[in-house]
Amino acid sequence: MSEKKSFYITTPIYYPSAKLHIGHAYCTTIADAIARFKRLAGYDVFFLTGSDEHGQKIQRTAEKQNVTPIEYVDKIVAGFQELWQRLNISNDDFIRTSEERHQKVVQEFFRRIRDKGDIYKGEYTGLYCTHCESYWTELQLDENKCCPDCHRAIEKVSEEAYFFKMSKYGDKILKYIEENPKFIVPTSRRNEMIKFIKQGLEDLCVSRTSFDWGIPVPEDEKHVIYVWFDAVINYITPLFNDPERFKKFWPADIHLVGKEIVRFHSIIWPCMLMALDLPLPKQIYGHGWLIVEGDKMSKSKGNVVDPMHLIDEFGADAIRYFLLREITLGQDGGFSRDALINRINADLANDLGNLLHRSLNMIKKFQGGIVLKSVGENEIDKSFKNDAMNTVFEYKNLMENVQLSDAIKKVWTFISRANKYIDETMPWKLAKDESQKQILSNTLYNLAESLRIISILISPLMPKTGQKIFEQLNLENFEKSRLEDVLTFGKLPSDYKVNKAEQLFPRIEVEKQ
RNA sequence: CGCGGGGUGGAGCAGUCGGUAGCUCGUCGGGCUCAUAACCCGAAGGUCGCAAGUUCAAGUCUUGCCUCCGCAACCA
C-alpha cells in the first residue's frame, strides 16, 4: 500500500490570560477548514492547536486570584477546549506548554543550541518598572517616559540572561525568504519581514530570572526559558518523541498565525530551526484581523466579541460560514452582528436552506418522496450538470490554493445556479403532464444529486450542515465522504426514499428600525 | 526622513500579467407559485481619495499630496 500524502497545519497556541474572543475563533476556524479539506482530498492530516501557558503575566494573574499558575491556566484552558469542541474544531492534538512532553523537548532544544555555542550567557539591560515587575521598551513608555501600565518611574536594570545568537542567522534566513516566495504569505507581510531583517537582527534574550512560571534552563535552574523560545517549539513537540510521525509530518505545511506574530514565526522560529539543523516550515500564513465597528478588538475598547455567545445564538456552522466567506484571508475584515445575520438569511436560509427544502418538497409532492432514476438528458440538464462539475473543479483548485473565501463563493454561485435550474425546468408544470414524467424524474434526480455534491463541498466549512443535508437526503457515511465522490455527476443512488424536508437555517427576523 | 496597509456605485467588499469597472446586500420594475414573504429575470446608480507623469491604453505602474488605520522585538 502506498503511503498517503501528509499535511500538517497549526494555529498559534493561545495565551490564557483571558477568555478567547472571536478573533481566535477566526484563526482556528480557518485552520480547521483547511485541515478538513485536506482530509477530504485524501491527505493524512495532522492539525495542532493549543495553549501557551507560561510567563510572568500568567503568574501574576494567578497570584491575584490566589491560585497557583497551573490551577489558573487549567481553568482557562478548559474553556478553550470547550470552545473548540462547540465550534467543531477537528484538531488531532492539543498542546499545552505546561505539559511535561513539551518541557522535555524545549530543554532538549535549549541544550543542543547551547552546546553548539549559539546560546550564551550575557546580561539583559532593560527599562524596568519595579512596581509592575515588568520590562518595557523605549517605545512602549507613556508620554512622560514612565511605565505604560502604572505610570510610575522606570529604571534601567540589568539581569543575567541567556541569549540566542539570532544575529548569526540573519543572512541565512534572508536568503531563504528571498529564494522561497511562498514561505511568507501574503506578500505584504513578506516584504515587511525582508525589510525588518535588513535592519539587522539582534540576539534574542531567551531566559529570565525575575519570575519562575516557566521551563527551567537546564543546568541553571534559576533561569526560566522565555516566551517565544518556549512557545514556538510547541509545533514540534507532538512529533518529536515519535520518529515515524516526525518523519511524516515535519516540516509543517502551514503555520497559520495572526499578522502581528508573523515575525516570530518567519524569523525567530526559522533561525532556531537552523541552529538545530532541522528543516524549516513550508509556509507561514499571516491572516488579518477582525475589525469590530471600525475598531480593532480590544478589552480596553470594550468591543470584544465572545464566540460562545454567538454559537449559542446562531450555531457553530453559521459563524464558521461567516468567518470563512466574508473575510478575504490575509486581510482585515469587518465583523458585525448585522453582517452576520445578513449572511445567514441571504446565503444560508434563502439560498441553500430553501434550495434543499423546495427540492425535497417537490420530490415528496410529485414522486411520493422517491428519487427516481434519471434516463437521458436535455440541453438544460446538460448545462446544469456541466456547471456542477466545473464548480467542483474550481472549488478544488481554490481550496488547494488556500483561497477559502473564493472557493466558497463558487459553491454559492452553483447554489444559485441550482435555484435557477428549478425555474428553468419548472417541475410543477412537468408534474401536471404525464408525458413529461421522465423529464421530471431527471430534474428531481439532478437536484438531489447537486445537493449531495454541495453537502460534500461545504463539509470543510460547515461539517454539521453537510451532515444534515446528507441525512435529509437519506444518505449514509457522510464522514467517510471524499472529494472523489463528487468528481462525477450521478453517483447518487436512485429509486430510494428521501427524508422529510426540515429547515436547515431558519430566517432570523430583525425588527426594522 | 522608522515600517506597513487601506481610501472603488447608498452600505460592505473583489479586482492576478496595465486592455470595455465586477460581486453581495439594499432600491426600483417584472416573472413564478415547488419553497423558509423565499426563488428567477431586468434596471437605475461609480470623474476607482487628490494632482501630475509614463503609455496607443492606468483602479492597476512612477512621483508628490490629503486622509484613515495598524506595527514598532510578550495583544488572534
Side-chain angles (χ1 to χ4, degrees), chain A residues 11-15 17-18 20-28 30 52 54-58 134-140 166 186 188-189 191-193 195-196 199 201-202 204-205 208 226-228 231 256-264 267-268 286-291 294-300 325-328 331-334 336 338-339 342-343 345-366 405-406 409 412-413 416-431 444 447 501-509:
Chain A
T11 72
I13 47 174
Y14 306 110
Y15 202 61
S17 62
L20 296 180
H21 56 63
I22 190 74
H24 301 97
Y26 171 57
C27 184
T28 306
I30 296 166
D52 175 19
H54 292 130
Q56 192 171 37
K57 206 166 172 181
I58 296 291
S134 207
Y135 283 97
W136 303 102
T137 65
E138 189 84 35
L139 290 153
Q140 286 171 314
M166 199 157 72
S188 52
R189 298 271 101 70
N191 297 340
E192 222 171 312
M193 291 310 115
K195 287 213 167 155
F196 182 82
Q199 283 169 214
L201 295 182
E202 288 171 23
L204 185 74
C205 178
R208 277 297 152 83
Y226 191 52
V227 205
W228 290 101
L256 183 68
V257 300
K259 63 179 181 182
E260 77 292 349
I261 54 172
V262 167
R263 180 162 67 229
F264 306 112
I267 300 177
I268 297 179
H287 66 74
W289 280 338
L290 297 184
I291 307 297
D295 244 329
K296 165 186 173 182
M297 221 182 319
S298 75
K299 257 186 283 177
S300 52
R325 153 72 201 243
E326 185 85 355
I327 297 149
T328 306
Q331 294 184 16
D332 290 354
S336 74
D338 285 353
N342 196 28
R343 280 277 166 231
N345 283 345
D347 297 0
L348 302 183
N350 295 353
D351 292 345
L352 174 60
N354 192 45
L355 173 66
L356 175 70
H357 199 263
R358 68 198 296 218
S359 300
L360 290 179
N361 201 61
M362 286 191 286
I363 292 170
K364 183 183 165 197
K365 214 160 180 170
F366 304 145
S405 178
D406 290 331
K409 283 175 194 152
W412 255 261
T413 302
S416 238
R417 176 68 185 85
N419 274 314
K420 187 174 173 172
Y421 177 68
I422 296 175
D423 251 60
E424 288 174 342
T425 53
M426 294 184 281
W428 52 92
K429 277 196 180 162
L430 300 174
L444 296 180
L447 281 170
E502 313 258 3
Q503 282 196 352
L504 273 185
F505 295 97
R507 284 176 61 81
I508 294 155
E509 301 301 338

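A, B, ... follow the sequence lines: proteins, then strands. Residue 1 opens every chain. Side-chain atoms are counted along with the backbone in the values below, which use heavy atoms only and exclude waters and symmetry mates.
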K.L.:
What's the gap between G45(B) and A51(B) when it is taken at their P atoms, as a whole Å value?
P.N.:
23 Å

K.L.:
What does the B/S/- profile of nucleotides 5-18 of chain B look like, 5' to 3', with a 4.0 Å heavy-atom cutoff to protein?
P.N.:
S--------S----

K.L.:
Sequence neighbours excluded, which residues qualify as salt bridge (Lys or Arg N to Asp or Glu O under 4.0 Å) partners of E424(A)?
P.N.:
R417(A)

K.L.:
Would you list the protein and nucleotides 28-31 of chain B atom pairs, both N or O, that sit under 3.5 Å from each other?
P.N.:
none

K.L.:
Mind checking ring-ring contact (aromatic ring centres under 6.0 Å, His included) for F505(A) and listing every partner two or more places apart, or none if nothing turns up?
P.N.:
none

K.L.:
Once salt bridge (Lys or Arg N to Asp or Glu O under 4.0 Å) is applied, do any residues pair with D52(A), and if so which ones, sequence neighbours excluded?
P.N.:
none

K.L.:
State which residues pass side-chain contact (heavy atoms from CB on, under 4.5 Å) with E192(A); sequence neighbours excluded, sorted by chain then number.
P.N.:
R189(A)

K.L.:
For H357(A), give me all partners under ring-ring contact (aromatic ring centres under 6.0 Å, His included), at least two apart in sequence or on another chain.
P.N.:
none

K.L.:
Who passes side-chain contact (heavy atoms from CB on, under 4.5 Å) against L504(A), sequence neighbours left out?
P.N.:
L352(A), L356(A), T465(A), K468(A), I469(A), Q472(A)

K.L.:
Polar pairs (N or O, both sides) under 3.5 Å between protein and nucleotides 41-44 of chain B?
P.N.:
{"from": "C41(B)", "atom 1": "OP1", "to": "K420(A)", "atom 2": "NZ", "distance (Å)": "3.2"}

K.L.:
Dot-bracket, RNA chain B: Watson-Crick or G-U, under 3.5 angstrom, [ ] crossing, | other strand?
P.N.:
.((((((..((((.....[..)))).(((((.......))))).....(((((..]....))))))))))).....

K.L.:
Which residue pairs pass the salt bridge (Lys or Arg N to Asp or Glu O under 4.0 Å) test with at least one member in residues 350-364 of chain A, sequence neighbours excluded?
P.N.:
none

K.L.:
Identify, with sequence neighbours excluded, every residue that meets ring-ring contact (aromatic ring centres under 6.0 Å, His included) alongside Y14(A).
P.N.:
H24(A), W84(A)

K.L.:
Looking only at atom C1', what distance separates C32(B) and A21(B), rounded to whole Å?
P.N.:
32 Å

